[in-house]
Amino acid sequence: MKGTPPRKIGVFVCHCGKNIAGVVDVNRVVEDISRLESVAFAMDYKYMCSQPGQAMIQEKIREKGLEGVIVAACTPNLHEATFRKAASKAGLNPYCVEMANIREQCAWAHQNDPEKATRKAVEIIRTMIQKTAEDKPLYEGSIPVLKRAMVIGGGVAGIQASLDIADAGYEVILVEREPSIGGHMAQLSETFPTLDCAQCVLTPKMVAAGTHPNIKILAWSEAREVSGYVGNFTVTIERKASGVDWTKCTGCGMCMEKCPIKIPAEFDRGLGVRKAIYSPFPQAVPNKPVIDREHCLHYAKGKCGICQKVCEVGAIDFDQAPEIIKEEVGAIIVATGFDIYPKENIGEYGAGKIPDVIDSLAFERLLSASGPTSGEIRRPSDGKIPETIVFVQCSGSRDPEKHKPYCSRICCMYTAKQALLYKHAVHKGRPYIFYIDIRSGGKNYEEFVARAQEEGVIYIRGKVSRIYQSGDKVTVVGVDTLLAKPAQIDADMVVLAMAMVPKEGSDDLRKVLKITADKNGFWTEAHPKMDPVGTTTRGIYLAGCGQAPRDVPDTVAQASGAAGKVISLFSRETLSLDPMIVSVDEELCAGCGLCVSVCPYEARILDEKKKVAIVNEALCKGCGACMAACPNSACIHKNFSKKQVLKMVDALS
Amino acid sequence: MIYFIALIQVICMQIKTEEVLSDLIHKIIDISGTNIWKCYQCGKCSAGCPMVDFMELLPHQVIRLAQIGKWKEICEANTAWICAACLTCSVRCPRGIKIAEVMEALRQVVLRNRLSNKRLNISEERIRRLPPIALISAYRKILE
Amino acid sequence: MEISYYPGCTLKVDARNFEESAIDSFRELGVVLVELARWNCCGTVFSFTTDNVMYHLAPVRNLLRVREAGKEQVLTLCSMCFNTLKRAAELFNKDAEKRDKILNIMKDKEPLAYDGKTRVIHGIELIRDEIGFDVLKKKTGENLKGLRLAPYYGCMLLRPDGVGIDNPENPRAFQDLINAMGADAVSFPFQSECCGAYQTVEHPEAVVERARIIINSARKAGADALVVSCPLCAYNLDQGQMDVKSIDSSFETFPVLYFTECLYASLGLGFREEWKALHYAPLEGVLARIRRETTSKLIGAAPNKE
């Protein structure tokens, strides 16, 4: 073979049990590879990633004086780090260790053709030999860490994460879009499976966050811009104009009492009313009102001003302008939460036009002691106490064709809870639940559903096809698939267990944070199993329903997990940087700036004086977009140089 | 004893691989252009079907029986022949199964394989009363 | 404005009132319906089978006739023709394999190859999208004032999604049309539930039940009459009342009208005596409430969108 690399390379072929060896003839691979001049040593072993497997690699590095190592096994995503760490303990620079993926890209893909798979495995290893021969030892850089965190979203996830970080002794800035923290949990009545009151367990945490010396709450605020990188973010926040000087306001509530304008309250899902100057609920933190400029008479007609007249401390400031605040933080937790899929989107369920067909969150408000009916279940149309309520599960969920493909995960449980609470409140009341499957995985969840069934909640297995108003009843047209009979119920009220969707505005925030979301708009985690709280951007973590639908216990657990990640990050003074990034050959760079515009991580700036592009090593992810764009080949990816890639291509016979 | 065993066989449905993978079932899939395996038996099709009161098997039962290859049961039921092709099931199916199309495929398999001697059972007096649109569409959906 | 018009079978026999009222009303609105010089049955129903293109030849031939007439748009009044022609037009354009097969079969008999350019629209769409409900509203005055009309969409005007003229689960086009005619639209729960369609031939017992439910639902909603856009719906829901009466003696007849008959009346043209014989349920109650204001002020104000 022509142009063989001069380096001493060792090749370690993994069987991965039968995953690889069941298809690829590993003995023949070792035989073929051993014949190559540059290969100083080759062997195979059942599980290279095991302790003995790693020890063998270390032993051979020392014994044969290997200058490069190739592990022919699985994808580098899984074990590249493992083998690099092992090799470095034996004195080899970790960046001279490469993976040849002969599992996912070979054995698994060609299970029915062992002969060709074996030949392909040899080819894959040969290309990696070309790359490894040119690999240079690389050394990690380091950056300082600013030990201050930002949490975006003040629901139960954001509150928990803030408290955990603050308790560890670090400062937290909690940014909340609404006038108060609390999120959706503040709207709930009682929580499954223990039936403790949501307010009772949440408000102590809200107060703790509000009074914690390490937590600064920025309510009625939104993150508009984020720059920087792990340990060193700069966040620009817009504090929206509330029309009230919160430094003066005592939260006495006189303004809200006297305001003459009444509007359907968002917090009560339109079932209650609020004023044009309002705070969403009495236990709000901070307990300061905001003025809804769309409805306030002062802004509409320049009249009224009653709130200003009654405020004893002169806190009303109609001319208040939005304020721009810049905060420097080392880590960010995104806890943006969810919205309810609009019932207007389901035409066959009345398209939101039937007053007594409400969504499950609205029903929570009817059940809540602090709700618009003070916990009495009265239907919206005429205030009558409903004698029959039909609950419709999977309203918008598990419907890839028209609505949302995923299971919203919490509806089975809260529907059982709502039906049970209704039964407790209205003894003669008849709750019926149309369901497809009951999903009650969770501690004491199945037992809770059984309790609801035993206490007289009637479950009907079938999906509802249509809901319509007939007289003062609401007719629900369904089916009992267990009996194979169409089933129709004339109900007084219908509760739709609507799908959960990511919070409105998540997509704008996605662009601000430069993190990714899946096709349904939920945040994408760094790894679905092994890093479910991380994101693809280092230093940004996830908590709560913005990532995927989940219940309160799981949300709180994940929030503590994200906080743990932040605390672990803050436990170090500096962070190491991945050296597998791009550098610029200043002699070749013409300063055209193409790389600056193509870089998705904003890791490039143009030095106007020297007319060359500069790489921000903390931001560069080594994606290689600049290499493709650079007309002069001035961008060089460390250990992925053009020369290496071309030699790899040449090696393919 | 023999009687007892026979009784068990009548009650207990045997699921047989050769039935599940039978040609007739695959014909239904091919002709309707719909993947019946997507069905998760929610029953929304049966719930909304305007003709369901007159059907011997509900639409979701037909799909279920098709999934496990029970051709005889589907074929003997009147369901496909009562279907009015109104498409309510197809537009509401959460999994995008074209149920009305499956019903048509079922009819087609029966007709093409001459598994039934279907004729329109109708008096001359009614024929005179019916508008052409009714006769042509019935002929095309039920007999052709 | 002139538009190619495809009548379909039943509008030439049992539903002459549908066609006649449409032609005159649209002329009044400045649109001349030009019947295709040659046309054949559309097949009435769109075939769902994926393996036989023969069923689609009949509708595609009609689409070709439109192109032969030098037009790119064809109007239908019957919902079933609309659905069959529109779906065939879509199939032709979306499925290259079937298109080639169809063209191959057709080429022996047709000197011109169909180029896929015909757009099929329904009469209600013509009013909504080309004439405009607001324009219609200005021309109708008070002839139908106070009349409560229930729009019956049926199936083929709405389903499947994307083919129908409006959102299949929450439509409004027909209500908007009725309101633009100066009457009051009465939505009712069974407005898009199937009437049983062609099962009227094989299973009249099922269709009778459908007719009873649908009509009683419209009546309960407070409507004075049901308005349809399909001759098969009209047959099942109007002529069908004869059978409903035979199983339910307490059933009272309920007027059923084509939307074009209402349009005709709303424009001050009244109601033609000979149409009455084509209806089963007596119309006297409804007709008595229709005013007939002179149309002279209306003529000449035809819209010109072109």
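In what follows, chains carry the letters A, B, and so on, assigned in the order in which the sequence lines appear, proteins first and then strands, with residues in each chain numbered from 1.
- By the 4.5 Å heavy-atom criterion applied to side chains, L58(B) and P486(A) are counted as neighbours.
- Of the atoms belonging to V464(A), it is backbone heavy atoms, and not side-chain ones, that fall under 4.5 Å from chain B.
- Nearest heavy atom pair, residue P94(B) against residue P400(A), reads O-CD, 3.0 Å.
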Using only distance (under 3.5 Å, no hydrogens or angles), which donor-acceptor pairs connect chain A and chain B?
unit_1	atom_1	unit_2	atom_2	d
Y40(B)	OH	R398(A)	O	2.7
Q41(B)	O	R461(A)	NH1	2.5
Q41(B)	O	R461(A)	NH2	3.0
C42(B)	O	K463(A)	N	2.7
K44(B)	NZ	E348(A)	OE2	2.8
G48(B)	N	S465(A)	OG	3.4
V91(B)	O	K402(A)	NZ	2.3
R92(B)	NH1	S465(A)	O	3.4
R92(B)	NH1	S465(A)	OG	2.7
P94(B)	O	E401(A)	N	3.1

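- Of the two parts of C45(B), neither the backbone nor the side chain holds a non-hydrogen atom closer than 4.5 Å to a non-hydrogen atom of chain A.
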